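Read through the structure below, which is laid out as structure tokens, and then see the notes.
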Amino acid sequence: MGIVAIYARVSQKDNTMAVTSGSLKNQILLAEKYIKQDNELNNMEQRIFMDDGYSGSDMDRPAVRRMLAGIFIGNVQAVVIKDFSRLSRNHIDISRLLEFIFPKYHTVIISVAEEYDSRKRQIHQEDALRNIFNEYYCRDISRKTGKSLLEKRKSGKYISARPPYGYRKNGDSLEVDQQEAEIVRLIYRLSASGKGSPQIAEILNQQGMKKRKKRWQYPDIWRILHDPVYLGNAVYNRSRNEFRDRFVTVYTPRNAWGIVPQNHPPLIEKKQYELCQKLHPATAGYGKKKGKRHVFHGITKCGICGKALCRHRSKNNLLVCSGGGKHAEITISMSCLWKICMEIFAFDPEKSGEKSRRIFLENFISQIVVDNAEIRIMSKVLLENRGAT
């Protein structure tokens, strides 16, 4: 019989407009009514997938991932939605689904409000234009929201969710966290004595000084040593969102940062900060990536030191611990990882192109941890009847 999936979504903006989850109920009722009137779908088992409070600008949503998992393993044969904007406001994501994913897995897609049924007709020009307008709406809202937030930051208000280390939030302002502030001052003293970021991170870890329950890494130290926020300055425009087939974060050069001086209590003196910049200057190439990233980039890491796995210099198929040293023996081939994914998720990379493999990883895998004893794969979805989590 198979499964017909009903997918519904509302965003946080919908909730603030007092539409609330009732909109989800309306979407589901509309889909159920359509299914009852369809002889083929009415004989299938119904499953409801809901994303409450999620933007449609990307596919990083729990319910849509579970639904795609059902499609990939062959459990879901049909999907019914109110309209395409519920599924995604990114016209490239919609195109991938309608022209690539759904046909490949023989999945019927029905948009009730737009009178689209993949069993009866193909995508028309007006459908593509509608999806582009849905994306434009999302980008326009993002642009207006960004301008409003920028004005608040220019006035010195701290509106980010997490405060910088050494501070805590009090409304829209920062106040000193005395315990963390002492560690920040210690970091600057160690830096002034000539110690580098890796050495300082090792000292703090040996003394049991954790960074909010996590071990210190040398990039954490580097960022603290080069952040003017510890002079009492509010800093904005460190990054911006740009739309490149989906919203991505683009980091701006330091000389383009905005500064609001004397905005909150400083943790260090200006001469300490300037001395640190002389001893450990920020290089122009810091943070830049070279070469093409491997397909498992960002989700594979060493189970011993926690650092990312990178591609071997001479063996393109081999991933090794980027920490080197005693952890250099932590290696695994990408072909081995694909075999594991094939066994767990019934996904055959040999029969799929590069685009299909990337879509699979984006929708299924959150992290892969490799050490000498085992390989642990954390999935973004729960696969029913397969026992994989």
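Just so it is clear, the model here is predicted, and its values are computed rather than measured.
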Problem set entry | Separation between OH of Y34 and CD1 of I81, rounded to the nearest 0.5 Å | 11.5 Å

Exercise. So which heavy atom on Y230 is nearest to which on Y165, and how close?
Worked result: OH-O, 2.7 Å

Problem set entry | Under the salt bridge (Lys or Arg N to Asp or Glu O under 4.0 Å) test, residues paired with R238 that sit two or more places apart | D227

Exercise. Are any non-hydrogen side-chain atoms of V64 and R66 less than 4.5 angstrom apart?
Worked result: no

Exercise. Are any of the side-chain heavy atoms of N263 and L174 separated by less than 4.5 Å?
Worked result: no

For this session: Could you tell me whether E180 and K211 have a side-chain N and a carboxylate O separated by less than 4.0 Å?
Result: no

Seminar exercise, completed: Between the CD1 atom in I200 and the CD1 atom in I187, the distance rounded to the nearest 0.5 Å is 7.0 Å

Exercise. Which pair of heavy atoms, one from I299 and one from I365, lies closest together, and at what distance?
Worked result: CD1-CG2, 3.9 Å

Exercise. Is it true that the side chains of T252 and N237 contain a donor and an acceptor less than 3.5 Å apart?
Worked result: no

Exercise. Under the criterion side-chain hydrogen bond (donor to acceptor under 3.5 Å, both in side chains), which of R61, R47, Q27 is the partner of Y7?
Worked result: R61

Exercise. Can you tell if the side chain of M209 reaches within under 4.5 Å of the side chain of I183, non-hydrogen atoms only?
Worked result: yes

Exercise. Nearest 0.5 Å, what's the CD1-CG distance between I35 and L41?
Worked result: 6.0 Å

Exercise. Can you tell me how far the NZ atom of K270 sits from the CG atom of N233, to the nearest 0.5 Å?
Worked result: 9.0 Å

Exercise. Can you tell me if H280 and S197 form a side-chain donor-acceptor pair at under 3.5 Å?
Worked result: no

Exercise. Are L309 and I340 linked, directly or through other ILVMFWY residues, by side chains that come within less than 4.5 angstrom of each other?
Worked result: yes

Seminar exercise, completed: Rounded to the nearest 0.5 angstrom, the OG-CZ distance for S11 and R86 is 7.0 Å

Exercise. Is the shortest heavy-atom distance from the side chain of V79 to the side chain of F49 under 4.5 Å?
Worked result: no

Exercise. Mind checking whether I304 and I368 sit in one hydrophobic cluster, side chains of I, L, V, M, F, W, Y counted as touching below 4.5 Å?
Worked result: yes

Exercise. Is the closest side-chain heavy-atom distance between H294 and M334 below 4.5 Å?
Worked result: yes

Exercise. Hey, mind stepping through S118 and I110 against side-chain contact (heavy atoms from CB on, under 4.5 Å) and telling me if it holds?
Worked result: CA-CA 7 Å; S118 62; I110 294 168; 5.8 Å; no

Exercise. Does a side-chain N-to-carboxylate-O contact under 4.0 Å join D38 and R119?
Worked result: yes

For this session: Please check if atom CD in E175 has more than 12 non-hydrogen atoms from other residues, nucleotides or ligands closer than 6.0 Å.
Result: yes

Exercise. Passes side-chain contact (heavy atoms from CB on, under 4.5 Å), F296 versus I332? Steps please.
Worked result: CA-CA 11 Å; F296 289 97; I332 189 170; over 6 Å; no

Exercise. Are L231 and Y236 linked, directly or through other ILVMFWY residues, by side chains that come within less than 4.5 angstrom of each other?
Worked result: no

For this session: Answer yes or no: is there a side-chain heavy-atom contact under 4.5 Å between K301 and Q367?
Result: yes

Exercise. Could R185 and E182 be called an ion pair, given the rule that one side-chain N must be under 4.0 Å from one carboxylate O?
Worked result: yes

Exercise. Hey, does I221 have a side-chain heavy atom less than 4.5 Å from the side chain of L204?
Worked result: yes

Exercise. Can you find a heavy atom in the side chain of I375 that is under 4.5 Å from one in the side chain of V369?
Worked result: no

Exercise. Any chain of hydrophobic side-chain contacts (each under 4.5 Å) joining I268 to V260?
Worked result: no

Problem set entry | Atom of K307, atom of Y218 and distance for their closest heavy-atom approach | NZ-CE2, 4.1 Å

Problem set entry | Closest non-hydrogen atom pair between R215 and N205, with its separation | NH2-ND2, 3.5 Å

Exercise. Can I203 and K195 be said to form a side-chain contact (heavy atoms from CB on, under 4.5 Å), step by step?
Worked result: CA-CA 10 Å; I203 291 172; K195 290 183 169 55; 3.5 Å; yes

For this session: Could you give me the CA-CA distance, side-chain angles and deciding distance for Y158 and Y167, then say whether ring pair (Phe, Tyr, Trp, His ring centres under 6.0 Å) is met?
Result: CA-CA 11 Å; Y158 191 86; Y167 292 96; 8.7 Å; no

Exercise. How about Q179: does its CD atom have over 12 heavy atoms from other parts shown lying under 6.0 Å from it?
Worked result: no

For this session: Decide if the gap between the ring center of Y105 and the ring center of F72 is smaller than 6.0 angstrom.
Result: yes

Seminar exercise, completed: Smallest heavy-atom separation, H226 atom then P281 atom, equals NE2-C, 4.1 Å

For this session: Group every Ile, Leu, Val, Met, Phe, Trp and Tyr by side-chain heavy-atom contacts under 4.5 Å, then state whether W222 and V229 land in the same group.
Result: no

Exercise. Is the count of non-hydrogen atoms from other residues, nucleotides or ligands lying under 6.0 Å from K169 atom NZ greater than 12?
Worked result: yes

Problem set entry | Nearest heavy-atom neighbours spanning G303 and D371 | CA-CB, 4.1 Å

